[in-house]
Chemist: 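Structure incoming, see below.
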Amino acid sequence: MIDIKMLRKDPEAFKVALRNRGYDEKMIDEILKIDEEWRKLTSEINSLRAKRNEISKKVAAAKREKRDEEASKLIEEGKKIGDLIKKLEEDQRKLEEKQREILLRIPNIPHESVPVGEDETYNVEVRRWGEPTKFDFEPKAHWDIGPDLNLLDIERAGKLSGSRFVLLYDKLAKLERALINFMLDLHTKEHGYKEVWVPHLVKRETMTWSGQLPKFEEEAYNTKKDDLFLIPTAEVPLVNLHAGEILSEDDLPLKYVAYSPCYRREAGSYGKDVRGMIRNHQFDKVELVWYTKPERSYEDLETLVSHAEEVLKRLKIPYRVVLLSTGDMGFTASKTYDIEVWLPSYNNYKEISSCSNTEAFQSRRSKTRFRRKDGKVENVHLLNGSGLAVGRTLVAILENYQQPDGSVKIPEALVPYTGFEVIP
RNA sequence: GGAGGCGUAGCCUAAUUGGCUAAGGCGUCGGUCUUGAAAACCGAUGGGGUGAACGCCCCGUGUGGGUUCGAGUCCCACCGCCUCCGCCA
């Protein structure tokens, strides 16, 4: 959620931001109009309440001194004011509701360092690591490698759950598990994250605070009976961990890592990445989240990205880092780096991690704040990033480590976790 | 699912039968004092409106309603926590 006080000060900046993101800037004027009405009404209500409080005091005094007639006159007067207040409060409530509805659908404001552009063609490649893998044979795509080894079963998954699901067997199942443990160990032991095991079902508010709702309800799986949502990423529980709390400045930054499955309906992505296990309704991910102070959040974002990159470096898989343009960024982000891994089947780089600074966009919604040494209370900045998407990492290993005979080598760093060096 | 209890500020704890400003303690920050520190003392320590500013005013006792001139206090619903019972991997 954007900051209404900032909006009052500089509406033009917000309009530019919305335009750059491809949103309708009309929303800003609507908000301002409602805000003006709201402030007028609020002042009116305030002074009425002041008058009522005064009368209440007089009633108490009159009763104490047994001036019953005066008291009942005052009570009569108070009653009238009370009724008026109630009526105005109803109007005020309606205005607030209307404003909140719009406010919740306004995306975050891009940071000044973000390239302006309407789509991904304006993204900027920041760096590359390694070279695209070369083969002296015709490399296969993972949707062939897996089934050829009888370890990836898309057909039976379809029977069980429909399209965009997979089954993994034997060494491939174990590879998935090994990757999760490898990533969690790396981030907890070497990068200083605290491991969290999170609920996979969360309340509607939780989804709203992290920015998934109300705008993206179509994207989420919902259990109708209890109105709980399957998490699309562990980011959702992690960034809401301290909702409503006031943290101590000394506690920051807080760094959390969580493994969880992610559930996404992928509505509107028909025809996109239909083959294999690149875009599934369910996939595993190890997620990194930082709670940090505003003055250092952009520096911390760079650190977070480097932590995610380290996974690929250890696995020796070529990748590049891309700075997303205003038109390609997610709803909650002020700035986002994608890490893209080399996939021979795409003959291109493919997103495997997305690392964002959401500044106070999420923490304003969830009321997650911290107290500075001088007593001032402020919203924390929240960063999130995949470290990494496990399914796509598995795909990257299959495709980049495939051998001419159809087998797949296991990256050296992973062997302690798999217990084998080659598949099958 | 059933019965009961609880929810007060960053934390801990009070508040006659509804009535003046939610008392007090701890912590934190600032100040006085000091060579420096501690102690002591003074002040600040949730949100909002208005104003150039000193300030003025409103809201805030888990959340949302209700009763009342007036609610921490009374009523209803919900959420969360605890105890007991039932069910359960």
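Reminder, nothing fancy here: chain letters follow the sequence lines and each chain counts from 1.
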Chemist: Does A:I246 or A:I55 map to a spot on RNA chain B nearer the 5' end, using the closest nucleotide for each?
Modeler: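 Comparing both residues, the 5'-ward one is A:I246.
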Chemist: Over all strands shown, is A:K73 touching base, sugar-phosphate only, or nothing at heavy-atom distances under 4.0 angstrom?
Modeler: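 No contact at all - A:K73 keeps every heavy atom at 4.0 Å or more from the nucleic acid.
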Chemist: Pairing check on B:rG72: which nucleotide meets the Watson-Crick or G-U wobble criteria with it, both distances under 3.5 Å?
Modeler: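 The base-pairing partner of B:rG72, which may sit in any strand shown, does not exist here.
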Chemist: Less than 4.0 angstrom between a side-chain N/O of A:K376 and OP1 or OP2 of B:rG46, yes or no?
Modeler: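 Checking B:rG46 against A:K376, no side-chain N or O comes under 4.0 Å of OP1 or OP2.
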Chemist: Please report, rounded to the nearest Å, how far the C1' atom of B:rG64 is from the CD atom of A:Q92.
Modeler: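 Atom-to-atom, A:Q92 to B:rG64, this comes out as 15 Å.
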Chemist: Over how many whole Å does the gap from A:R64 atom CZ to B:rG18 atom P extend?
Modeler: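 In whole Å, B:rG18 P lies 16 Å from A:R64 CZ.
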Chemist: Could you run down nucleotides 55-63 of chain B 5' to 3' and tag each one B, S or - for protein heavy-atom contact under 4.0 Å?
Modeler: --SSS----
Chemist: Using the rule salt bridge (charged side-chain N to carboxylate O under 4.0 Å, His left out), only one of A:E89, A:E97, A:E96 pairs with A:R93; which is it?
Modeler: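 Testing A:R93 for a salt bridge (charged side-chain N to carboxylate O under 4.0 Å, His left out) against A:E89, A:E97, A:E96 leaves exactly one candidate, A:E97.
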Chemist: Output yes when a side-chain donor or acceptor of A:N280 lies under 3.5 Å from a complementary backbone atom of A:F283, and no otherwise.
Modeler: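 Answer holds: no.
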Chemist: With heavy atoms under 4.0 Å as the rule, sort A:R371 into base, sugar-phosphate or nothing.
Modeler: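 If one applies the 4.0 Å heavy-atom cut-off, A:R371 turns out to touch a base.
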Chemist: Pick out which of A:E219, A:E217, A:E218 makes a salt bridge (charged side-chain N to carboxylate O under 4.0 Å, His left out) with A:R265.
Modeler: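 Single pass found, and it is A:E218.
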Chemist: P atom, B:rG55 versus B:rG43: distance in rounded Å?
Modeler: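 Their P atoms lie roughly 15 Å apart.
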Chemist: Base, sugar-phosphate alone, or nothing: which one does A:K367 contact when heavy atoms must sit under 4.0 Å apart?
Modeler: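 A:K367: no heavy atom of the nucleic acid under 4.0 Å.
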Chemist: Which is more 5' along RNA chain B, the nucleotide nearest A:K373 or the one nearest A:K40? Just name the residue.
Modeler: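 Of the two residues, A:K373 wins.
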Chemist: Measuring from A:N181:CG to A:K174:NZ, what's the distance to the nearest 0.5 Å?
Modeler: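 If we round to the nearest 0.5 Å, A:N181:CG and A:K174:NZ are 10.5 Å apart.
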Chemist: Using a 4.0 Å heavy-atom cut-off, does A:K58 contact any base of the nucleic acid, only the sugar-phosphate backbone, or nothing at all?
Modeler: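 Contact class for A:K58: none.
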Chemist: Counting only side-chain nitrogens and oxygens, does A:K79 get under 4.0 Å of the OP1 or OP2 atom of B:rC69?
Modeler: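 Checking B:rC69 against A:K79, a side-chain N or O does come within under 4.0 Å of OP1 or OP2.
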Chemist: Give a yes or no on this: more than 12 heavy atoms of other residues, nucleotides or ligands lie within 6.0 Å of atom NZ of A:K316.
Modeler: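 No - once you tally the heavy atoms of other residues, nucleotides and ligands closer than 6.0 Å, there are 12 at most.
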